[in-house]
K.L.:
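Pasting a structure below so you can have a look.
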Amino acid sequence: MKKIIFTSLIALFAIGCNNSAPTQPQADKMISGNKEATTTVAAHTTENQPPANSSSSGSPMSKAVDVTKLTEEIEKADKEFKAKPKDEKAKTALATAYFERAFALTKAAQYSAALGDFRKGLKLNPNDKEAKEMSDQIVGIYESMGRPAPKEGEEKAPMPIEK
């Protein structure tokens, strides 16, 4: 399920952040059945409009999501891990807390913040294949757009939720 959501988000992120507006007459003809119908991606984008709530993540598709409880879980797990740094259970719990928030942020298209959480979790549990794949996919999205992925430690914080 997470992979399906992420794949959809990748497509939306790529479309929303694309700097060009190619025409797609063949796809439109197939969809509409009208040989005269041609539409550009620019006609359906908000590229020239400031997207709501996108300043923190850098993605026009991003939206604020309440990660308060997930952040509290990270803080709780971090406190336990710092008290017992050799305890594998505490280490796994902290990695899992980071991954859970990362997946929530990915779903909200907050890719920079999600990448930061994936990286933190992978430092604790480098064998988590799904988290590694998601982290690599986010980096790949940035690269495919000709943009550098945020450097480790320079990822943006999750967008604050307006109350």
K.L.:
Which heavy atom of Val65 sits nearest a heavy atom of Ala104, and at what distance?
P.N.:
CG1-O, 4.4 Å
K.L.:
Is Gln110 reaching over with its side chain to a backbone N or O of Lys63, donor-acceptor style, under 3.5 angstrom?
P.N.:
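Looks like yes, one N/O pair under 3.5 Å.
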K.L.:
Return each pair, listed once, that meets salt bridge (charged side-chain N to carboxylate O under 4.0 Å, His left out) where at least one residue sits in residues 83-106; pairs must be two or more places apart or across chains.
P.N.:
Arg101-Asp117
K.L.:
So that I can tick it off, tell me whether Glu155 and Lys120 are bridged by a salt bridge, with the cut-off set at under 4.0 angstrom between side-chain N and carboxylate O.
P.N.:
no
K.L.:
Please tell me if the side chains of Ser62 and Tyr111 come closer than 4.5 Å, counting only heavy atoms from C-beta onward.
P.N.:
no
K.L.:
Could you go through Ile74 and Leu94, starting from their C-alpha distance and side-chain angles, then the distance that decides it, and tell me whether this counts as side chain to side chain contact (heavy atoms under 4.5 Å, CB included)?
P.N.:
CA-CA 6 Å; Ile74 290 171; Leu94 180 55; 4.2 Å; yes
K.L.:
Can you tell me how far the CG atom of Leu124 sits from the OH atom of Tyr98, to the nearest 0.5 Å?
P.N.:
7.5 Å
K.L.:
Check this for me: does any side-chain nitrogen of one of Lys82 and Asp78 sit under 4.0 Å from a carboxylate oxygen of the other?
P.N.:
yes
K.L.:
Please identify which of these residues, Thr71, Leu70, Val67, meets the side-chain contact (heavy atoms from CB on, under 4.5 Å) condition with Pro158.
P.N.:
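One option only clears the test, and that one is Val67.
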K.L.:
Evaluate the salt bridge (Lys or Arg N to Asp or Glu O under 4.0 Å) criterion for residues Asp136 and Lys132: first the C-alpha distance (whole Å), next the side-chain angles of each, then the deciding distance (0.1 Å), finally the verdict.
P.N.:
CA-CA 6 Å; Asp136 291 344; Lys132 177 70 172 133; 3.0 Å; yes
K.L.:
Got Glu130 and Phe103 here, is their nearest side-chain heavy-atom distance under 4.5 Å?
P.N.:
yes
K.L.:
Under the 3.5 angstrom rule, does the side chain of Ser112 hit a backbone N or O of Lys156 as a donor-acceptor pair?
P.N.:
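Yes, Ser112 side chain to Lys156 backbone: donor-acceptor pair under 3.5 Å.
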K.L.:
State the CZ-NZ distance between Arg119 and Lys151, to the nearest 0.5 angstrom.
P.N.:
11.0 Å
K.L.:
Which heavy-atom pair separates Pro150 from Leu115 by the least distance, and what is that distance?
P.N.:
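Looks like CD-CD2, 4.0 Å.
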K.L.:
Can you name the closest pair of heavy atoms from Phe118 and Ser135 and give their distance?
P.N.:
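Smallest interatomic distance, heavy atoms only, reads CB-CB, 4.0 Å.
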K.L.:
Less than 4.5 Å apart, any side-chain heavy atom of Leu122 and any of Met134?
P.N.:
no
K.L.:
Minimum heavy-atom separation for Ala102 and Ala114, please, with both atom names.
P.N.:
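So the two residues come closest at O-CB, 3.5 Å.
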K.L.:
Of all the heavy-atom pairs spanning Phe99 and Ala131, show the shortest one and how long it is.
P.N.:
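So the two residues come closest at CE2-CB, 3.4 Å.
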K.L.:
Show the nearest heavy-atom pair for residues Ala90 and Phe81, with the distance to one decimal.
P.N.:
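Ala90 and Phe81 have their closest heavy atoms at CB-CA, 3.9 Å.
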